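My structure is below; once you've seen it, I'll send some questions.
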Amino acid sequence: QVQLVESGGGLVQAGGSLRLSCEAFASGFIVNVMGWYRAAPGKQRELVASVTSDGITTYGDFVKGRIAVSRDTAADTLFVEVDRVKPDDTGVYYCNAVARDQLTHRDDDYWGRGTQVTVSS
């Protein structure tokens, strides 16, 4: 299987910066896409940012203009920083990866456990 280890989150003061990282442990797999998503209670999971193995980056609307993303493809690690955070950035943030099984050649979608992010006003 693929394991996604998430770091960061917790309590963040409004106006400050949120820093998240995710490392994929995917022995026997090739990681294609990595991303971060956010879910508020009772709401659909929404994109924060994702990066393909080609380096194509997509940003979620709610963080556009406030986000920086970097991916270490060799280390299967994704780092995001959201600046000027606000209370409505609060939610559970999940790491995501699309990985290909090198034996079966099948792609699947994997999710981290999620990390709570609370922005205080």
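Because the structure is a prediction, the values reported are computed rather than measured.
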Applying salt bridge (Lys or Arg N to Asp or Glu O under 4.0 Å), name anything that partners R38, two or more places apart in sequence or on another chain.
-> E46
Side-chain donor-acceptor pairs under 3.5 Å in residues 15-34, sequence neighbours left out?
| unit_1 | atom_1 | unit_2 | atom_2 | d |
| --- | --- | --- | --- | --- |
| S17 | OG | D83 | OD1 | 2.8 |
| R19 | NE | E81 | OE1 | 3.3 |
| N32 | OD1 | S53 | OG | 3.1 |

Mind listing the side-chain donor-acceptor pairs of residues 112-121 below 3.5 Å, one per line with the distance, residues two or more places apart or on another chain?
| unit_1 | atom_1 | unit_2 | atom_2 | d |
| --- | --- | --- | --- | --- |
| T115 | OG1 | G8 | O | 3.1 |
| Q116 | NE2 | T118 | OG1 | 3.4 |

What's in the same ILVMFWY side-chain cluster as I56, cut-off under 4.5 Å, chained through other members?
-> none
Write out all pairs satisfying side-chain hydrogen bond (donor to acceptor under 3.5 Å, both in side chains) with one or both partners inside residues 93-105, taking only residues at least two apart or from two chains.
-> N96-D109, R100-D107
Scan residues 34-72 for pairs that pass ring pair (Phe, Tyr, Trp, His ring centres under 6.0 Å), counting only residues two or more places apart or in two chains.
-> Y37-W111
Non-neighbouring partners of D88 that pass salt bridge (Lys or Arg N to Asp or Glu O under 4.0 Å), sequence neighbours left out | none
Pairs flagged by disulfide (SG to SG under 2.5 Å) wherever residues 63-93 is involved - sequence neighbours left out = none
Identify the heavy atoms of L4 and C95 that sit nearest to each other, and give their distance.
-> CD1-O, 3.6 Å
Find the distance between CG (L78) and OG (S50) and round it off to the nearest 0.5 Å.
-> 8.5 Å
Please answer: with hydrophobic residues joined when any side-chain heavy atoms are less than 4.5 Å apart, are V51 and L47 in the same cluster?
-> no
Other than F79, what residues sit in its cluster of Ile, Leu, Val, Met, Phe, Trp and Tyr side chains whose heavy atoms are under 4.5 Å apart, directly or through others?
-> none
Correct closest heavy-atom pair for V63 and V48 would be CG2-O, 3.5 Å
For A75, enumerate each residue passing the side chain to side chain contact (heavy atoms under 4.5 Å, CB included) test, keeping only those at least two apart in sequence or located in another chain.
-> D72, T77
Determine which pairs satisfy salt bridge (Lys or Arg N to Asp or Glu O under 4.0 Å) with at least one residue from residues 56-69, sequence neighbours left out, and list them in order.
-> D61-K64, R66-D89
